[in-house]
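Every value quoted in this text rests on a predicted model; they were computed, and no experiment measured them. Both backbone and side-chain heavy atoms feed into the values below; hydrogens, waters and symmetry mates do not.
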Amino acid sequence: MLEIHRGLFGLEARQRVIELLGEVGIPDPQSRLASYPHQLSGGQRQRVMIALALANEPDLFIADEPTTALDVTVQAQILRLLKNLQARYSMAMLFITHDLGIVRKIAKRVCVMKEGEIVERGDVTELFARPQHPYTKALIAAEPKGEPAPAQPDAPIVMKADNLRVWFPIRRGFLRRTVGHIKAVDGVSLSIRRGETLGVVGESGSGKTTLGLALMRLISSDGPIVFLGKSIEGLKFRALRPFRRNMQIVFQDPYGSLSPRMSIADVIGEGLRVHQPRLSAAAREAKVITALNDVGLDPETRHRYPHEFSGGQRQRVAVARAMVLEPSFVVLDEPTSALDMMIQAQIVDLLRDLQRRHDLTYMFISHDLKVVAALASNMLVMREGKIIEQGPAAELFARPKTDYTRALFKAAFEIETAPEGAPAS
């Protein structure tokens, strides 16, 4: 981008890249220049994309869900950054989002779309105060409601980890010697009981997703992991297969987790073919149809491919793929981050209903504290790979003990609240 459009090369381009990465909140940007995308968290990858879009100081900045994968503290930073850049360069901005709190924070005018049409438009303050269209009213009123499944202190432990570590080596020099480690997960101990939801919150890059992947044995880790009473940390691929049906995951990025070469029916039915090979084709299709109905998708779309769906629809397909096997333990990694407010509320209700009917155990990773409050009975707060606070979710929300947790909650509240005075964009 800088070479083609700005004529910057070599050290000059490198310095500008470092500046851009610093502006969007990448810590120690100089050390990240040689990193590949898979070595960054979802939120960090999103920030790199924002830096890419801002590199040439555009006249029009089209921001399509730019803060979806970011935690609330970084959301606030990115919104402040965009507003400052807009003021500095007199930049027009088209901000596309499902997060109404962010709309209130950053927009001057707003258009509400439904089924490809603008159903209402106007000044942001006026529209939120006096919405006219029924869809706008429903959208503003929608938010996750209800109480999380109560904690069951006497229920059997489904998943347990003790002093779990995931350290990624930093190698440098001609011989690629290890000179240090990135401590993505550093000494985490937890237990999750049957029927409860453990909420995991923290900044992007704090180790939330890495913790979930380690518990699922999708990446290497050190430290004992006990699933359904059996130690699984040392098991190889074939020995783990009997456990896979009972542990499922919904990944953060539905664009990367769904194969573009498979129809939705094949995506959802793949696990059934592996773990329930004796099912007839008709029985397998019936389970796929039920799973699609459960997540609010038309079963007639099952023969379409992922590129024919929106991001939110793909996320629902990912939920259906995990739930079709009726697992005991599900890691939900930002499962509602790509969904609009009404669908978020529906998915929360769906997850709670599935949990109640099937006695499911969830590990819910999210930066959306409203969703966490609606689902999680217990919660832990992570920072730089460590747990800095944990306990009953209601108690943590009411009386956070650490400055970091208080700052996290404060940032979430500020984003959800309209700013004083006229919006800056």
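Here the straight-line distance linking atom CG of L297 with atom CZ of R314 works out to 12.0 Å at 0.5 Å rounding.
Partners of E395 under the salt bridge (charged side-chain N to carboxylate O under 4.0 Å, His left out) rule, at least two apart in sequence or in another chain, are K401. With sequence neighbours excluded, the residues satisfying side chain to side chain donor-acceptor pair (under 3.5 Å) with E285 are R302. Shown here are the side chain to side chain donor-acceptor pair (under 3.5 Å) partners of S310, two or more places apart in sequence or in another chain: Q313. For R245, the side chain to side chain donor-acceptor pair (under 3.5 Å) criterion is met by no residue, not counting sequence neighbours. By the ring-ring contact (aromatic ring centres under 6.0 Å, His included) test, Y305 pairs with no residue at all, sequence neighbours left out. Among residues two or more places apart in sequence or in another chain, the salt bridge (charged side-chain N to carboxylate O under 4.0 Å, His left out) test is passed with D349 by R352. Residues satisfying the side chain to side chain donor-acceptor pair (under 3.5 Å) criterion with D186, sequence neighbours excluded, are W167, K386. By the side-chain contact (heavy atoms from CB on, under 4.5 Å) test, I170 is found to be paired with R172, V179, I182, residues two or more places apart in sequence or in another chain being considered. Legend: residues meeting salt bridge (charged side-chain N to carboxylate O under 4.0 Å, His left out) with R177, ordered by chain and number and at least two apart, are absent. With sequence neighbours left out, M1 forms a side-chain contact (heavy atoms from CB on, under 4.5 Å) with H5, L52, N56.
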Which atom pairs, one a donor and one an acceptor, fall under 3.5 Å between side chains of residues 11-30 and the rest of the protein, sequence neighbours left out?
{"from": "R16", "atom 1": "NH1", "to": "E19", "atom 2": "OE1", "distance (Å)": "3.3"}
{"from": "D28", "atom 1": "OD2", "to": "S31", "atom 2": "OG", "distance (Å)": "2.9"}

Contacts under 3.5 angstrom, residues 317-330 side chains, donor-acceptor by atom type, not counting sequence neighbours:
{"from": "R321", "atom 1": "NH1", "to": "S257", "atom 2": "O", "distance (Å)": "3.0"}
{"from": "R321", "atom 1": "NH2", "to": "S257", "atom 2": "O", "distance (Å)": "3.3"}
{"from": "S328", "atom 1": "OG", "to": "N246", "atom 2": "OD1", "distance (Å)": "3.3"}

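In the model, T301 has no side-chain atom that pairs as donor or acceptor with a side-chain atom of D298 under 3.5 Å. Between the side chains of D162 and S189, a donor-acceptor pair is found at a separation under 3.5 Å.
When the shell of 6.0 Å around CE of M49 is examined, it contains 12 or fewer heavy atoms from other residues, nucleotides or ligands.
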For this session: Go through E389 and Y404 one step at a time and tell me if the side chain to side chain contact (heavy atoms under 4.5 Å, CB included) criterion holds.
Result: CA-CA 9 Å; E389 193 165 353; Y404 174 76; over 6 Å; no

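Side-chain atoms of R217 never come within 3.5 Å of backbone atoms of K236 as a donor-acceptor pair (strictly under, hydrogens ignored).
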